Amino acid sequence: GNSVTQMEGPVTLSEEAFLTINCTYTATGYPSLFWYVQYPGEGLQLLLKATKADDKGSNKGFEATYRKETTSFHLEKGSVQVSDSAVYFCALASGANSKLTFGKGITLSVRP
Amino acid sequence: DVKVTQSSRYLVKRTGEKVFLECVQDMDHENMFWYRQDPGLGLRLIYFSYDVKMKEKGDIPEGYSVSREKKERFSLILESASTNQTSMYLCASRINRVYTEAFFGQGTRLTVV
């Protein structure tokens with residue numbers, strides 16, 4: 001079956017530091033890949049997505065590239081802000097009528 | 001904008017009660033989901049519905065049932081609430097097309113005492 005593995009957390013960074021959050025996946029076929037973000041007290045919202053190999057999703061300074069050869073979709077940001085403090089989830093979906101499979105999430109805290 | 005609305009943000013129920021969590025979406029999405037979120041365990045799928053009156057068990061369906069009588073509404077039912085069902089419950093919807101993302105409600109924090 002499908003699965004998503006995220007690096008262990010939590011992660012604490014200083015403002016303006018570089019961020020990488022690792023995500024690898026196992027799936028049949030050619031899944032779509034997603035990063036979701038959850039701010040305190042809220043539901044999940046889509047941060048970015050990629051639908052085929054070598055696609056790069058980007059939003060709000062975050063980027064992730066769909067790497068089929070390494071089955072990875074790592075999230076990066078060049079300079080984090082305090083407002084980026086949240087929980088980040090990597091997820092995949094393989095097909096139209098399919099569920100989304102999530103990683104366990106990682107908590108990011110950015111200190112001023 | 002797609003809107004997914006869950007009926008309650010916070011709920012406190014007693015052990016043994018029958019509990020209904022309601023979710024409504026306004027974008028005519030075919031697929032709807034109920035997830036449970038717990039620290040260290042991430043999101044786990046409870047049930048999935050791909051059309052009206054259609055449902056499929058997720059990874060942790062025990063102790064739960066669902067109802068989808070209308071396309072826009074997907075209800076999660078705890079038949080007899082127990083303390084180990086204290087959790088954050090998240091509803092989501094998704095259009096039935098490849099490459100599309102799911103949209104989430106704001107979550108319901110359920111405490112069973």
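In what follows, chains carry the letters A, B, and so on, assigned in the order in which the sequence lines appear, proteins first and then strands, with residues in each chain numbered from 1. Every value quoted in this text rests on a predicted model; they were computed, and no experiment measured them.
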Quiz item: Near A:Lys77 NZ, under 6.0 Å, is it more than 12 heavy atoms from other residues, nucleotides or ligands?
Solution: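 Yes, because the 6.0 Å sphere around NZ of A:Lys77 holds more than 12 heavy atoms from other groups.
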
TODO: Please check if atom NZ in A:Lys68 has more than 12 non-hydrogen atoms from other residues, nucleotides or ligands closer than 6.0 Å.
DONE: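 Yes.
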
Between atom CD of A:Gln45 and atom CD of B:Glu101, what is the distance when rounded to the nearest 0.5 Å?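 It comes to 12.0 Å.
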
Straight-line distance of B:Phe104 CZ to A:Gln38 CD, nearest 0.5 Å: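 One finds 9.0 Å between CZ of B:Phe104 and CD of A:Gln38.
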
In terms of hydrophobic clustering (I, L, V, M, F, W, Y; side-chain heavy atoms under 4.5 Å; direct or indirect links), are [X] and [Y] co-clustered?
X	Y	value
A:Leu47	A:Val110	yes
B:Tyr35	B:Leu78	no
A:Leu13	A:Tyr88	yes
B:Ile60	B:Phe74	yes
B:Ile77	B:Val52	no

Which atoms of [X] approach chain A - backbone, side chain, both or neither, heavy atom under 4.5 Å:
X	value
B:Gln6	neither
B:Asp38	neither
B:Arg9	side chain

Using the rule given for side chain to side chain contact (heavy atoms under 4.5 Å, CB included), can you reason through B:Phe33 versus A:Lys99, listing the C-alpha separation, both sets of side-chain angles and the distance that settles it, and then say yes or no?
CA-CA 8 Å; B:Phe33 310 83; A:Lys99 62 183 183 181; 3.9 Å; yes

Going through the distances and angles, do A:Phe102 and B:Gln37 end up as a side chain to side chain contact (heavy atoms under 4.5 Å, CB included)?
CA-CA 11 Å; A:Phe102 285 85; B:Gln37 182 180 10; over 6 Å; no

*Heavy-atom pair count under 4.5 Å with chain B, highest-scoring of A:Gly41, A:Ala91, A:Ala50*: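 Ranked by contacts with chain B, first place is A:Gly41.
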
Quiz item: What part of A:Glu8 lies closer than 4.5 angstrom to a heavy atom of chain B: side chain, backbone, both or neither?
Solution: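 A:Glu8 has no heavy atom closer than 4.5 Å to chain B.
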
Taking side chain as everything from C-beta outward and backbone as N, CA, C, O, which of these in A:Leu100 sits under 4.5 Å from a heavy atom of chain B? Side chain, backbone, both or neither.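 Backbone plus side chain of A:Leu100, per the 4.5 Å heavy-atom cut-off to chain B.
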
Output yes when a side-chain donor or acceptor of A:Lys49 lies under 3.5 Å from a complementary backbone atom of B:Tyr99, and no otherwise.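 Yes, A:Lys49 side chain to B:Tyr99 backbone: donor-acceptor pair under 3.5 Å.
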
- Is a donor on one side and an acceptor on the other found under 3.5 Å between the side chain of A:Tyr36 and the backbone of B:Ala102?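 Yes.
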
Requested in this report: Indicate the atoms forming the closest heavy-atom contact of B:Arg94 with A:Ala93, along with that distance.
Outcome: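 Of all heavy-atom pairs spanning B:Arg94 and A:Ala93, the closest is NH2-CB, 3.7 Å.
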
Open item on the list: Determine whether A:Thr101 and B:Leu43 satisfy the following criterion, side chain to side chain contact (heavy atoms under 4.5 Å, CB included), listing intermediate values before the conclusion.
Closed with: CA-CA 8 Å; A:Thr101 300; B:Leu43 269 70; over 6 Å; no

